[in-house]
2 protein chains.
Amino acid sequence: MAETAREIAEELRERIRSGALRPGARLPGEPALVKEHGVAKETARRALMLLVSEGLAVRRKGSGTYVREFQPIRRVANKRLSAEGWGAGQSIWSADVGDRPMQVTDLRVYETAAPDDVARVLGLDDGAEVVVRDRLFKVEGEPVQSATSYLPSDLVRGSAITQEDTGPGGTYARLAELGAKPVRFVEELRSRMPSREETERLRLSEGTPVVEIYRTALTEEGRAVEVNRMLLDASVYVMEYRITG
Amino acid sequence: MAETAREIAEELRERIRSGALRPGARLPGEPALVKEHGVAKETARRALMLLVSEGLAVRRKGSGTYVREFQPIRRVANKRLSAEGWGAGQSIWSADVGDRPMQVTDLRVYETAAPDDVARVLGLDDGAEVVVRDRLFKVEGEPVQSATSYLPSDLVRGSAITQEDTGPGGTYARLAELGAKPVRFVEELRSRMPSREETERLRLSEGTPVVEIYRTALTEEGRAVEVNRMLLDASVYVMEYRITG
DNA sequence: AAGTGGTCTAGACCACTAG
DNA sequence: TAGTGGTCTAGACCACTTC
């Protein structure tokens, strides 16, 4: 009787780790904890919130608090380098749920002045115009990733890249036709907690970080022709990179 | 007067985003918010905790709440592929603080039964022995990353890999001498909130995710000879990958 | 309607930090 | 020692979900 929020959380954490409470299972609610441990409702609440902020649990208003489930989507950066000595079935986080279909929604195409950092990477003057392609990816109706591409207006003006439908082969095929075929890519990743807006856009539950990826596409000559900023729901993704020494 | 915790947080968030409150600056404390907004202390506290859980602020007991600073370390997975068309100065998150020296601490080398997932990736039988090399990396005295390598005991027994000092060229040079030179690597990354133990080991402040990386080293023939599990303080790292289409 | 979480209050006591 | 954060209580009212 009469424990602290941390102690109650530790007990529940242990029950989750041991498997006594499986993913998706319902945790004892606030009233139950109040009774069992003889604490105030706020204290019980804090115990549960601790698990939520650790990403271990998810709260559903009016329903209960549940052990979080993790069924990742695998994002393989270099799909091209397939088979050939890379073995099979040797991934740490099971391949799982084999390629669920992904829908593209909320596509918007427009033109603006390039943000400072993007302008710098693309080697553009301050305030130069870029074509922006912004979209949201969903799996089973749930948003899992947003992506915003920036391309120099001077380069892509007049091509299908400025249309909603970029045609067969997509943006990169059009860039190739413009004599700016991307052949190398740099991805810079960072993980952090989301802002309020990001939480809403990706419908994140509390305790969920995001992964922010900037992908720069380079031509044979080393010219940067596209910057793509992606924001991933970290509770849903495993990123894979293949590196040749 | 009389706002909610969310509203007070939003106001402070705005002050941070606008730059009125710079990184490292001190936020108004609980008593100040109580006075300014006419709310209870707990409400003021919740407003500040919201910013903390978003990774925007850091609390220092007895001192105050401060706007978080982000000065990343750049981790370039494929260092080998340098220069050559990859351009320079074109990174999104500034290269910064140019390679601060990193110390290796808490090195432990021992042998045990391989964890299930590691055994599977290394293609070992259940319960097969592995040599484990565990270490902690620090920058300016602060832990930023832990790394745990697993190598099949049958392969590395008798080599310097089982010693604390692996000799010139390190583990990979020794593996090459054993006829198991790693030439390809697969990195699988995931980001999530840390467990309590991880928070302590990396001395993470609240609202800080971790990045978990499993790096598998493969020989020319595609044999997995090492699995390295790294855990990074996400508030400190930017990961970079270079991909050839 | 009963049960769940969401939020707030007004007060208490403690531990740590800084001058 | 004054100021800051850390934690807890006992109660209140609301909104949502489930049946």
Side-chain angles (χ1 to χ4, degrees), chain A residues 1-13 16 21 24-69 196 199-200 203-208, chain B residues 1-13 16 21 24-69 196 199-200 203-208:
Chain A
M1 283 284 206
E3 299 158 55
T4 73
R6 291 178 120 77
E7 287 164 343
I8 297 172
E10 177 56 36
E11 188 194 308
L12 295 172
R13 212 180 273 125
I16 294 172
L21 286 167
R26 207 186 137 175
L27 290 163
E30 293 169 15
L33 294 176
V34 166
K35 258 197 198 161
E36 283 169 39
H37 298 93
V39 294
K41 188 199 170 189
E42 271 290 335
T43 306
R45 170 183 195 58
R46 280 173 199 150
L48 292 169
M49 286 310 285
L50 275 174
L51 301 183
V52 170
S53 68
E54 286 163 17
L56 281 179
V58 171
R59 312 202 93 194
R60 294 192 204 120
K61 198 193 307 199
S63 167
T65 304
Y66 300 82
V67 181
R68 176 174 227 148
E69 305 180 69
R196 236 194 55 276
T199 300
E200 280 168 20
R203 299 239 235 130
L204 301 170
S205 50
E206 281 182 69
T208 304
Chain B
M1 281 282 206
E3 299 158 55
T4 73
R6 290 177 120 77
E7 285 164 346
I8 296 172
E10 177 56 35
E11 188 193 309
L12 295 171
R13 211 180 274 125
I16 294 172
L21 286 166
R26 203 183 142 177
L27 291 162
E30 293 170 15
L33 294 176
V34 166
K35 258 197 199 162
E36 283 170 39
H37 298 94
V39 295
K41 188 199 170 191
E42 272 289 336
T43 306
R45 171 185 195 58
R46 281 172 199 151
L48 292 169
M49 287 310 286
L50 275 174
L51 300 183
V52 170
S53 68
E54 286 164 16
L56 282 178
V58 170
R59 312 202 93 193
R60 296 197 203 118
K61 200 192 308 199
S63 169
T65 304
Y66 301 82
V67 181
R68 176 173 229 147
E69 305 181 69
R196 237 195 54 276
T199 300
E200 281 169 20
R203 299 237 236 134
L204 301 171
S205 51
E206 283 182 66
T208 306

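The sequence lines fix the lettering, A, B, ..., with proteins before strands; numbering per chain opens at 1.
The pair B:K61-B:E206 does not count as a salt bridge, with every side-chain nitrogen at least 4.0 angstrom from each carboxylate oxygen. Salt bridge status for A:E54 with A:R68: absent, with no side-chain N to carboxylate O gap under 4.0 Å.
You'll find that the side chain of B:R26 is closest to D:dT4, out of D:dT4, D:dC13, D:dG6. Closest contact between the side chain of B:E42 and the listed nucleotides D:dG5, D:dA10, D:dC8 involves D:dC8. The B:S63 side chain lies nearest to C:dA18 when the options are C:dA18, D:dT4, D:dG6. Distance from the side chain of A:R46 is smallest for D:dT7 among the nucleotides D:dA10, C:dA10, D:dT7. In this structure, the nucleotide among C:dC8, C:dT9, C:dG6 sitting nearest to the side chain of B:A5 is C:dC8.
We find that CG of B:L33 is positioned 13 Å from P of C:dC8, with the value rounded to whole Å. Regarding A:K41, its NZ atom lies at a distance of 13 Å from the P atom of D:dG11, rounded to whole Å. In this structure, NZ of A:K35 is placed 12 Å from C1' of C:dG3, rounded to the nearest angstrom. Nucleotide D:dG3 holds its C1' atom 16 Å from the CG atom of B:L27, rounded to whole Å. Between A:E30 atom CD and D:dA10 atom P there is a gap of 16 Å when expressed in whole angstrom units. The distance from atom CE of B:M49 to atom C1' of D:dT4 is 14 Å, rounded to the nearest whole Å.
Mapping B:P28 and A:G62 onto DNA chain D by nearest heavy atom places B:P28 closer to the 5' end of the strand. Between B:A40 and A:R60, the residue anchored closer to the 5' end of DNA chain C is A:R60, taking for each the nucleotide with the nearest heavy atom.
The phosphate of D:dG6 (OP1 or OP2) has a side-chain N or O of B:R59 nearer than 4.0 angstrom. The phosphate of C:dT4 (OP1 or OP2) has no side-chain N or O of A:T65 nearer than 4.0 angstrom. Contact annotation: B:T43 does not reach the phosphate of C:dT7 (side-chain N/O to OP1 or OP2, under 4.0 Å). In this model, the phosphate group of D:dT7 is approached by a side-chain N or O of A:R6 to a distance below 4.0 Å at OP1 or OP2. When the side-chain nitrogen and oxygen atoms of B:R45 are compared with OP1 and OP2 of D:dG5, none of them lie within a distance under 4.0 Å.
Here the options are A:R26, A:R59, A:E30, the test is side-chain hydrogen bond (donor to acceptor under 3.5 Å, both in side chains), and the partner is A:T65; only A:R59 passes. Results of the side-chain contact (heavy atoms from CB on, under 4.5 Å) test with A:V39 over A:H37, A:K35, A:E36 single out A:H37 as the only residue that passes.
Nearest heavy atom pair, residue B:A9 against residue B:A47, reads CB-O, 3.7 Å. For the pair A:A44 and A:L33, the tightest heavy-atom approach, listed with the atom from each and the gap, is CB-CB, 3.7 Å.
In this entry C:dT4 has D:dA15 as its Watson-Crick or G-U wobble partner, both defining distances falling under 3.5 Å.
For a distance-only test at 3.5 Å, the side chain of A:K61 fails to qualify as a donor-acceptor partner of the base of C:dG3. Below the 3.5 angstrom threshold, one finds no donor paired with an acceptor across the side chain of B:E3 and the base of C:dC8.
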